[in-house]
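I have placed the structure first, in the form of structure tokens, so that the comments after it can refer back to it.
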Amino acid sequence: MADSSDSVSVDMDGVSLAGKEHLIKTCHGVVSVTVIGDQDKPALVTYPDLALNYVSCFQGLFFCPEACSLLLHNFCIYHISPPGHELGAETISSDDPLLSADDLVDQIADVLNYFGLGAVMCMGVTAGAYIITLFALKYRHRVLGLILISPLCKAPSWTEWLLNKVMSNLLYFYGMCGMVKELLLKRYFSKDIRGCAQVPGSDVVQACRRSLEERQSLNVWRLLEAINGRPDITDGLRKLQCRSLIFVGDNSPFHAEALYMTSKLDRRYSALVESCGSMVTEEQPHAMMIPLEYFLMGYGLYKVSSQLNVSPRSPLSPLCISPELLSPESMGLKLKPIKTRISLHV
């Protein structure tokens with residue numbers, strides 16, 4: 001049913017970042033999943049943004065030393081790549097049907113079934129955040145918590161839809177050309193680190209640019225078509241019972257949408273953290289650590305240096321978002337409270 005191959009192995013402070021790639025046949029085609037860590041531990045499933053994979057979207061976070069003592073100590077990581085976005089992917093056959101956002105969600109369910117996973121923690125960036133939120137709405141019993149970076153929840157605005165259409169046509173007819181790469185980099189990164197004609201972009205931006213050159217343009221086009229045709233899921237957000245932690249950079253093009261989504265979630269189960277930059281996992285990974293630490297405390301998970309006797313192999317049982325998470329003083333970050341309207345009608 002699936003093939004697997006070894007990926008690059010990196011070791012940080014005794015925690016292995018070695019991963020094994022599994023090519024899993026789902027009801028909507030083959031999906032690449034890279035598994036990192038002890039599969040006896042609770043599962044953390046990740047899903048990247050458009051035209052990215054786990055290397056280009058999450059390596060900044062997972063290569064952060066603090067992440068090893070928190071995320072890799074407590075979880076086995078299952079990095080799901082969108083169809084055709086994995087390293088070395090071939091162009092998807094034109095005979096294969098275009099997938100919808102709902103089809104991508106069903107692929108995640110098939111991946112969980114393949115590995116025998118029950119309820120999991122999920123992390124996604126922008127388009128990936130939309131996919132895993134939709135997954136949480138459709139398969140509520142399979143999601144324990146959501147960690148969302150610059151998430152989407154509404155159907156595309158006319159401005160976004162038109163921009164995506166322009167990018168879609170460029171991808172289809174001209175491939176991953178310079179203009180497409182610039183549009184994508186503006187989506188991911190703040191102006192401060194993108195650079196300009198006179199000043200080259202940061203190492204992170206240049207590495208991302210190189211990774212975009214490796215993407216198969218028609219595979220990116222397929223995912224973009226799915227995201228541009230996404231339905232509005234706002235009405236279902238209030239029904240989510242899992243805990244949600246939302247990160248958004250103040251320079252993100254999706255900043256307003258992240259604030260809107262936060263306002264629609266049940267404030268008892270959600271919190272918002274604003275940071276600098278745009279794609280926080282790559283620009284400001286250190287800024288995610290303290291909020292994540294407090295968030296995971298609500299599940300009985302702690303950093304490896306903690307003196308508390310807690311086993312990361314024990315089942316996750318969501319208790320609550322720690323009160324400390326809502327304290328700006330303890331965060332050292334710009335943390336804005338969630339503003340929602342509470343209906344008096346039951």
Side-chain angles (χ1 to χ4, degrees), residues 47-52 57 101 122-134 136-137 146-168 182-194 205 208 223-224 226-240 243-285 287-288 291 295 321 325-326 328 331 333-342:
Y47 209 100
D49 193 14
L50 175 72
L52 301 178
C57 192
C122 294
M123 177 186 294
V125 176
T126 311
Y130 175 89
I131 295 299
I132 64 168
T133 304
L134 185 59
L137 291 172
L146 295 173
I147 302 167
L148 309 173
I149 297 92
S150 298
L152 307 173
C153 66
K154 296 188 288 186
S157 64
W158 280 111
T159 303
E160 183 194 347
W161 183 88
L162 183 60
L163 179 62
N164 287 345
K165 272 300 177 185
V166 170
M167 190 157 47
S168 180
E182 290 307 314
L183 290 172
L184 288 171
L185 291 174
K186 287 182 180 180
R187 176 188 178 98
Y188 307 144
F189 300 108
S190 60
K191 184 178 180 180
D192 291 342
I193 72 166
R194 283 202 314 271
V205 174
C208 185
L223 180 60
L224 181 56
I227 296 303
N228 211 28
R230 68 184 186 269
D232 191 310
I233 58 174
T234 303
D235 290 344
L237 295 178
R238 185 72 67 179
K239 300 175 185 177
L240 280 177
R243 274 66 187 173
S244 302
L245 179 60
I246 295 178
F247 292 92
V248 64
D250 53 11
N251 292 319
S252 170
F254 306 102
H255 181 267
E257 179 132 358
L259 299 184
Y260 173 82
M261 180 175 179
T262 305
S263 72
K264 299 300 179 182
L265 290 166
D266 190 326
R267 64 184 303 169
R268 296 173 298 171
Y269 305 115
S270 55
L272 169 69
V273 179
E274 290 187 85
S275 184
C276 300
S278 183
M279 188 165 66
V280 185
T281 54
E282 291 297 306
E283 286 195 51
Q284 298 286 334
M288 298 179 67
F295 179 71
I321 288 184
L325 181 60
L326 303 178
M331 303 285 296
L333 295 171
K334 180 183 176 185
L335 177 64
K336 290 193 174 181
I338 300 166
K339 298 179 181 179
T340 58
R341 293 186 180 182
I342 303 174

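All values derive from a computational prediction rather than experimental measurement.
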>> For the backbone of Pro151 and the side chain of Glu257, can you confirm whether one donor and one acceptor N or O come within less than 3.5 Å of each other?
In response: no

> For Leu224 and Ser168, which heavy atoms make the closest approach, and how far apart are they?
Replying inline: CD2-N, 3.6 Å

>> With rounding to the nearest 0.5 angstrom, report the OG1 to NZ distance, Thr234 to Lys154.
In response: 7.0 Å

> Are Val125 and Leu52 side-chain neighbours, meaning at least one heavy-atom pair lies under 4.5 Å?
Replying inline: no

> In Å, rounded to the nearest 0.5 Å, how long is the span from CD of Gln284 to CG of Asp250?
Replying inline: 9.0 Å

> Does some side-chain heavy atom of Ile149 sit less than 4.5 Å from a side-chain heavy atom of Val248?
Replying inline: no

> OG of Ser270 to NZ of Lys264: how many Å apart, nearest 0.5 Å?
Replying inline: 13.0 Å

> Does a donor on one side chain sit under 3.5 Å from an acceptor on the other, for Ser190 and Asp192?
Replying inline: no

>> Once side-chain hydrogen bond (donor to acceptor under 3.5 Å, both in side chains) is applied, do any residues pair with Ser150, and if so which ones, sequence neighbours excluded?
In response: Ser252

> At what distance, to the nearest 0.5 angstrom, does SG of Cys153 lie from CG of Leu134?
Replying inline: 11.5 Å

> Is there side-chain contact between Leu272 and Phe247, with at least one heavy-atom pair below 4.5 Å?
Replying inline: no

>> Restricting to salt bridge (charged side-chain N to carboxylate O under 4.0 Å, His left out), what partner residues turn up for Lys165, sequence neighbours left out?
In response: Glu225

>> Could you report the tightest heavy-atom contact between Leu237 and Thr133, atom names first, then the distance?
In response: CD2-CG2, 3.8 Å

>> Please give me the minimum heavy-atom distance between Leu146 and Phe295, naming the atom from each residue.
In response: O-CZ, 4.0 Å

>> Just verifying a value: how many Å separate Tyr47 OH and Ile131 CD1, rounded to the nearest 0.5 Å?
In response: 5.5 Å

>> If you define the side chain from C-beta out and look only at heavy atoms, does anything of Leu265 sit under 4.5 Å from Ile246?
In response: yes

> Between the side chain of Thr281 and the main-chain N/O of Cys57, is any donor-acceptor distance below 3.5 Å?
Replying inline: yes

> What residues form a salt bridge (charged side-chain N to carboxylate O under 4.0 Å, His left out) with Glu160, not counting sequence neighbours?
Replying inline: Arg230

>> I want to check something: taking the side chain as every heavy atom from C-beta on, are Leu183 and Arg187 in contact at a cut-off of under 4.5 Å?
In response: no

> Side chains of Pro285 and Val280: closer than 4.5 Å at any heavy-atom pair?
Replying inline: no

>> Using only atom types and a distance under 3.5 Å, with no angle test, would you say the side chain of Arg194 pairs donor to acceptor with the backbone of Phe189?
In response: yes

> Side chains of Cys208 and Tyr188: closer than 4.5 Å at any heavy-atom pair?
Replying inline: yes

> What's the verdict on side chain to side chain contact (heavy atoms under 4.5 Å, CB included) for His255 and Glu274, showing C-alpha distance, side-chain angles and the deciding distance?
Replying inline: CA-CA 9 Å; His255 181 267; Glu274 290 187 85; 2.5 Å; yes

> Taking it one step at a time, do Leu148 and Leu245 satisfy side chain to side chain contact (heavy atoms under 4.5 Å, CB included)?
Replying inline: CA-CA 6 Å; Leu148 309 173; Leu245 179 60; over 6 Å; no

>> Looking at every non-hydrogen atom in both residues, tell me the closest pair between Phe254 and Leu152 and how far apart they are.
In response: CD2-CD2, 3.3 Å

> When you measure from the side chain of Asn228 to the backbone N and O of Asn164, does any donor-acceptor pair fall under 3.5 Å?
Replying inline: no

>> So, taking the atom named CG in Asn251 and the one named CE in Met279, what distance separates them when rounded to the nearest 0.5 Å?
In response: 13.5 Å

>> When you compare the side chain of Leu50 with that of Thr126, does any pair of heavy atoms fall below 4.5 Å?
In response: no

